[in-house]
Amino acid sequence: MSSFNFKEDVTWRDILTRGAIVIATVAVIVWLMPQDGQNFFYVEQGKPWKYADFTAPFDFPIYKSETAVKNERDSLLKEYEPYFNYNKDIEGTMVRKFVTDYSEGIPGLSDDYISIIANRLHRIYQIGVVSTSDYSTFASDTTRMVRIVNGKNATSMAMARFLSTKKAYEQLFLDNILEQHRSQLQKCNLNNYIVPNIIYDKDRSEESMRDLESSVPLASGIAQKGQKIIDRGEIVDENVYRTIESFRKENERRNSDETQQRLTLLGKALYVFVIILFFTIYLTLFRKDYFEKARNVAMLYSLIVIFSLLTGLMVRNTIAHVYIIPYAMVPIFTRVFMDSRTAIITHVALLLICALMLQHPMEFIVVEILAGMAAVYSLRDLQFRSQLFKTAIIVTIVAMTMNFAFDLIRMSAFSEFDMSYYNYLIINGILLLFAYPLLYLLEKTFGFISDITLIELSNSNNPLLRRMSEVAPGTFQHSIQVGNLASEIANKIGAKAQLVRTGALYHDIGKTINPIYFTENQSGINPHEDLSYIESAQIIISHVTEGLKMAERSGLPSIIKDFICTHHGHGKAKYFYVKYKNEHPDEDVDDLLFTYPGPNPFTREQAILMMADATEAASRSLPDYTEKSIRELVNRLIDGMVAEGFFRECPITFRDITYAKTVLCEKLKTIYHARVSYPTAKA
């Protein structure tokens, strides 16, 4: 049994290898992504369009004319409010300065005039004083509003309510008291004590103006990729002219801006890198066993690259919509050869990458993710060819339903309904039927085995199984019984039931070479009585090596051959081993003569087969079949396997083993249940 520790199990070599896989995958995908080309044409407003039908090759803004932009900005600037800061300290400073300068009084006037003038200065500053130049600039329009900033508050006020420095000085002499002594007061240079306390904030005002000007959109709309702009022979009106000129401008910008190209390429690479990195991290953390066999990694990353290539080709050539591509094949293949969770994760990673090349990525992602999930759900247990046909129908219905939902969201009337996308989805469903022959191709290319292949191998008409049933019927029945027990355990603990059932049918095919030497095929005659214990052990052990040879000649998949060589692991032919030791107590026994070649089980399914095989065989020798005797037998055999370390290299848990014991006990009780004896009729 094994456990996973990231730091212990993932070495620097693993990190470098997986890093290289990520970088290589990203490089290939980014290289395959389409790059928009450059188009040249001459267009005149009011003249027919003389080129082929023009469809937008990418999304681009439709720019307004310079006159339209200027008019919109001028209209907005009428509402523009410049910023002025209110300085409340200036009033106190200037008033104190005046009082200090004339502390000895104003020549020819009483001392009361000091306080009167100070009071009038206070009134002026309360109204607000603006520099004469700023006042003349912003007060030309009597309705002009300005924004006065006082601390953290900003208030809109009419510019006309304030005083310029010149008007403020004149305001002093409009006072009835001061006007009588104008000639004397003019000698005091009172204008020196009138300075602006409402100060123009140039930086903030200019920033506000820039923001206001930039708020005017340069474009009046967006031409979407695939949108028909004009047909050949149509007259180029003003709107079409602006659209075509906007395309020309945007296309030139894209093709001439090397920095933009580099940034775009870098952005794509980073986008794909993050997705592939997280996909690899998922495999490292939750499916690390996949990295132990290169075929798993090769298939997963190849599927992502291949379907990214197909998407790029479809987008680049604009022959049809990407909905034609049967993306659901990816989760189907991954589900059949691996597991559901990895199928969903792989599918999502692929779609996120492909969405980068499309104009409506959200709709694409939603439709295809749900289609892929439907494919995975409908293939929980692939056993028949017809399931793939049903899957294609389910996937098509789900995709069309989601696409219809988006149509309903966009449409204002059913008259706008467009059937073209649904035609693409129907073609997608038809192409999905090719998943079945492609499954066979993937099996041969990457060395996988599907449930359909396992079911075909389980057919009793298979030459190896038919020969076993004929020459070793006891072994054949034993294999069937072991397969039933093992598949029940697999279902209970979430292992691959069909795989272990098929492995069980073939695990003892080597016994067909010398069937009479195995108890289940004997009928009163035991040839071991004429052999030494070592010879008998060698014949018993040879059924593993002979089975491997037969499997090799028959072309059985390697995953089935693994069941043949691991169902005894490095165990011993104990009957003859113990007999030999008992008769030779003082002799050193060569354990290798009685030991199976192994290896020990290294998958859960192989461990299940080992437990089911040993228990079923041993149960035949029980003197009586009671619940206690069966439980003791099961516990003794399986606990012995654990103690001898048969499962050390196997990812099976104690919880799995406990469930296996429970299943074996229940099934063996059912198999050997005592039947009621029928009475005989009295004469």
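These figures come from a predicted structure and were not determined experimentally.
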K.L.:
Can a donor-acceptor pair be found, under 3.5 Å and without considering hydrogens, that links the side chain of Thr93 to the backbone of Asp89?
P.N.:
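Looks like yes, one N/O pair under 3.5 Å.
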K.L.:
Would you confirm whether Arg242, through its side chain, and Tyr63, through its main-chain N or O, come within 3.5 Å as a donor-acceptor pair?
P.N.:
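Confirmed, Arg242 side chain pairs with Tyr63 backbone.
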K.L.:
Looking only at side-chain N and O atoms, does Asp134 offer a donor or acceptor that is under 3.5 Å from a partner on Ser131?
P.N.:
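On atom types as modelled, these side chains qualify, holding a pair under 3.5 Å.
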K.L.:
How many angstroms lie between CZ in Arg96 and CD in Glu91, if you round to the nearest 0.5 Å?
P.N.:
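Those atoms lie 9.5 Å apart.
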K.L.:
Closer than 3.5 angstrom, by distance alone: can the side chain of Asp237 be matched with the main-chain N or O of Asn239 as a donor-acceptor pair?
P.N.:
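Between the backbone of Asn239 and the side chain of Asp237 there is a qualifying donor-acceptor contact (under 3.5 Å).
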K.L.:
Answer yes if the ring centres of Phe278 and Tyr282 are under 6.0 angstrom apart, and no otherwise.
P.N.:
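Ring-ring flag for Phe278/Tyr282: false, centres at least 6.0 Å apart.
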K.L.:
Quick one: does any side-chain atom of Tyr102 pair with a main-chain N or O of Cys188 as donor and acceptor, under 3.5 Å?
P.N.:
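Checked: pair present.
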K.L.:
For the side chain of Asn403 and the backbone of Ala399, is there at least one donor-acceptor N/O pair under 3.5 Å apart?
P.N.:
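A pair under 3.5 Å: no.
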K.L.:
Please verify the inter-ring angle class for Tyr323 with Phe364; under 30° counts as parallel, over 60° as perpendicular, anything in between as tilted.
P.N.:
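Ring orientation of Tyr323 relative to Phe364: parallel.
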K.L.:
Can a donor-acceptor pair be found between the side chains of Tyr327 and Thr311 at a distance below 3.5 Å?
P.N.:
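Indeed, the side chains of Tyr327 and Thr311 share at least one donor-acceptor pair under 3.5 Å.
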K.L.:
Do Thr132 and Thr165 pair up side chain to side chain, a donor and an acceptor below 3.5 Å, judged on atom types alone?
P.N.:
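Short answer, yes.
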K.L.:
Pair up each side-chain donor or acceptor in residues 196-206 with any protein partner under 3.5 Å, not counting sequence neighbours, and list the distances.
P.N.:
{"unit_1": "Asn197", "atom_1": "OD1", "unit_2": "Val129", "atom_2": "N", "d": "2.8"}
{"unit_1": "Asn197", "atom_1": "ND2", "unit_2": "Tyr125", "atom_2": "O", "d": "3.0"}
{"unit_1": "Asp201", "atom_1": "OD1", "unit_2": "Arg204", "atom_2": "N", "d": "3.2"}
{"unit_1": "Asp201", "atom_1": "OD2", "unit_2": "Asn85", "atom_2": "ND2", "d": "3.2"}
{"unit_1": "Ser205", "atom_1": "OG", "unit_2": "Tyr83", "atom_2": "N", "d": "2.8"}
{"unit_1": "Ser205", "atom_1": "OG", "unit_2": "Tyr83", "atom_2": "O", "d": "3.3"}
{"unit_1": "Ser205", "atom_1": "OG", "unit_2": "Asp201", "atom_2": "O", "d": "2.7"}

K.L.:
Treating Tyr271 as the side-chain partner and Leu352 as the backbone partner, does any N or O pair qualify as donor plus acceptor under 3.5 Å?
P.N.:
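Indeed, once roles are kept as given, a pair shorter than 3.5 Å links the two residues.
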K.L.:
Side chains of Arg18 and Thr284: do they bring a donor and an acceptor to under 3.5 Å?
P.N.:
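Present: a donor and an acceptor within the cut-off.
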K.L.:
Does Phe84 have its ring centroid less than 6.0 Å away from the ring centroid of Phe138?
P.N.:
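When the ring centroids of Phe84 and Phe138 are compared, they turn out to be within the sub-6.0 Å range.
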K.L.:
Considering only NZ, NE, NH1 and NH2 on the basic side and carboxylate oxygens on the acidic side, decide whether Arg335 and Asp339 come within less than 4.0 Å.
P.N.:
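Here Arg335 does not pair with Asp339 in a salt bridge, since their nearest N and O are not under 4.0 Å apart.
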K.L.:
So, using side-chain contact (heavy atoms from CB on, under 4.5 Å) as the criterion, who are the partners of Ala68 when residues are at least two apart?
P.N.:
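Scan of Ala68 (side-chain contact (heavy atoms from CB on, under 4.5 Å), adjacent residues dropped) gives Lys64, Ser65.
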K.L.:
Can we call the ring centroids of Tyr301 and Phe279 under 6.0 Å apart?
P.N.:
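Ring centres of Phe279 and Tyr301 closer than 6.0 Å.
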